[in-house]
A.B. asks: 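Structure incoming, see below.
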Amino acid sequence: MGKNKLRKFSDMEHIDCVFQYPFGVLREKGFPLKGRWHSDYFHNDRPIVLELGCGKGEYTVGLAQRHPECNFIGIDIKGARMWTGATQARDLGLGNVAFLRTNIELLPHFFAPGEVDSVWITFPDPQMKKVRKRLTGTRFMNLYREVAKDNASINLKTDSPFLYAYTRAMAKLNGLNLAADTPDLYADIPESAGLDESLRSIRTFYEQQWLSRGLSIKYLSFALPATGDLAEPDDEIPFDTYRSFARGTLQCPQLLDEADSETSQS
């Protein structure tokens, strides 16, 4: 492990807005803020918003700056990435931000039923072959129900045509009315569409990568009711060819042609 990563892990131990609880500790002692985030950490009763797979935390910090009327918690298992957002939140003195280093499957260990108002899922791995690992799949929707309020807002930003089409089909099949739905967030959309400006003004590390290659960013938002069976769609959805290799490596043929052209001109 590199010295820089070790330094970040060490820093994370001393940043007040960061919580790191190994599963063994959770199982033995539980998480002291479960059901008490409002009273014991944020010291207010404002809505709690989760960003799942927050990576470097750009969206968590950006939303917190623009929306002081809400509390934001970024969740990821990658501590070295999370360090960036955590140090920014600390240095900016943002009292409405926290970061939680854990697996998303463990959410019920950290939050009481109804404690979460809204969920953001920003640029997750689409898990095209593993629906059980898909963060917008029905398995995870039922997981979110364990901690979220009735009709909590679920928001997805993605570059993946597959994940966008799948999530849209899942929502429609289960009668989850779409409050917002756009296949190209940065196209010309009338102001009457009612989209929050932060959707365009905050760009994550991965989002900037995709935009630089000419990929469109998709956005969906819908309310998740607390009860009711959820079914998986059986639509045939084409896979994303540019995600055939490691995440972050573009493999779309036309994009590779563009990259080759750029190299030959440099």
Side-chain angles (χ1 to χ4, degrees), residues 1 4-26 29-44 46-112 115-125 135 140 143-144 146-148 152-157 198 202-208 247:
M1 185 180 295
N4 191 45
K5 184 173 287 188
L6 288 173
R7 177 181 62 81
K8 290 180 178 180
F9 284 141
S10 178
D11 284 351
M12 293 275 280
E13 296 289 340
H14 305 286
I15 300 177
D16 290 341
C17 65
V18 173
F19 298 90
Q20 306 182 88
Y21 274 71
F23 181 68
V25 176
L26 283 177
K29 299 181 179 180
F31 182 63
L33 290 179
K34 179 178 177 179
R36 305 182 65 86
W37 281 96
H38 285 111
S39 61
D40 293 4
Y41 180 76
F42 292 115
H43 305 295
N44 60 53
R46 298 166 188 163
I48 290 178
V49 181
L50 307 184
E51 185 194 0
L52 306 181
C54 68
K56 294 175 180 287
E58 307 101 312
Y59 221 73
T60 298
V61 172
L63 285 172
Q65 288 178 295
R66 289 162 175 78
H67 296 284
E69 73 280 4
C70 294
N71 303 310
F72 295 89
I73 303 175
I75 299 174
D76 208 304
I77 195 61
K78 303 282 188 176
R81 292 179 185 173
M82 188 184 291
W83 175 89
T84 302
T87 54
Q88 286 177 345
R90 177 198 62 194
D91 295 345
L92 291 169
L94 295 175
N96 63 333
V97 174
F99 285 93
L100 185 58
R101 186 183 176 199
T102 188
N103 287 308
I104 293 170
E105 288 90 343
L106 298 180
L107 284 181
H109 288 272
F110 293 94
F111 301 95
E115 197 168 16
V116 173
D117 293 81
S118 182
V119 173
W120 281 86
I121 306 167
T122 50
F123 302 94
D125 187 324
L135 292 186
F140 275 94
L143 179 70
Y144 307 151
E146 294 187 41
V147 301
S153 174
I154 308 296
N155 302 273
L156 170 70
K157 282 185 78 175
S198 60
I202 306 171
R203 299 185 182 184
T204 70
F205 172 77
Y206 281 117
E207 182 172 7
Q208 198 57 55
R247 178 170 174 77

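Here the structure is a predicted model, which means the values were calculated and not measured.
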A.B. asks: Say you draw a straight line from CZ of Arg101 to CE of Met12; how long is it, rounded to the nearest 0.5 Å?
C.D. replies: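 It comes to 6.5 Å.
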A.B. asks: Measuring from atom OG1 of Thr102 to atom CZ of Phe110, what distance do you get when rounded to the nearest 0.5 angstrom?
C.D. replies: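 It is 3.5 Å, given to the nearest 0.5 Å.
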A.B. asks: Could you grab the distance from atom OG1 of Thr60 to atom CZ of Phe99, nearest 0.5 Å is fine?
C.D. replies: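 Result: 4.5 Å between the selected atoms.
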A.B. asks: Run the numbers on Phe23 and His109 for side-chain contact (heavy atoms from CB on, under 4.5 Å), then give the verdict.
C.D. replies: CA-CA 9 Å; Phe23 181 68; His109 288 272; 4.0 Å; yes
A.B. asks: Between atom CG of Asn155 and atom CG of Leu50, what is the distance when rounded to the nearest 0.5 Å?
C.D. replies: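 Nearest 0.5 Å value for the CG-CG distance: 11.5 Å.
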A.B. asks: For Met82 versus Ile75, what's the shortest heavy-atom pair and its separation?
C.D. replies: CE-C, 4.3 Å
A.B. asks: For residues 47-68, pull every pair meeting salt bridge (charged side-chain N to carboxylate O under 4.0 Å, His left out), keeping only residues two or more places apart or in separate chains.
C.D. replies: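 Every salt bridge (charged side-chain N to carboxylate O under 4.0 Å, His left out) pair that includes a residue of residues 47-68, provided the two are not neighbours, is Arg66-Glu197.
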A.B. asks: For Asp16, I'd like to know if atom CG has over 12 heavy atoms of other residues, nucleotides or ligands within 6.0 Å.
C.D. replies: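 Atom CG in Asp16 is not packed in, count stays at 12 or less.
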A.B. asks: In the structure I gave you, are the side-chain heavy atoms of Phe205 and Thr84 within less than 4.5 Å of one another anywhere?
C.D. replies: no
A.B. asks: Any chance you could measure Trp37, atom CH2, to Asn44, atom CG, to the nearest 0.5 Å?
C.D. replies: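 Atom-to-atom, Trp37:CH2 and Asn44:CG are 12.5 Å apart.
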A.B. asks: Suppose the criterion is ring pair (Phe, Tyr, Trp, His ring centres under 6.0 Å): which pairs have a residue in residues 48-78, not counting sequence neighbours?
C.D. replies: Tyr59-Trp120
A.B. asks: Could you list the residues that satisfy side chain to side chain donor-acceptor pair (under 3.5 Å) with Thr87, not counting sequence neighbours?
C.D. replies: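 Scan of Thr87 (side chain to side chain donor-acceptor pair (under 3.5 Å), adjacent residues dropped) gives none.
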A.B. asks: In Å and rounded to the nearest 0.5 Å, what is the CD1 to OH distance from Ile73 to Tyr41?
C.D. replies: 8.0 Å
A.B. asks: What pair of heavy atoms forms the shortest contact from Ile15 to Arg90, and how long is it?
C.D. replies: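 Answer, listing the atom of Ile15 first, then Arg90: CG1-NH1, 3.8 Å.
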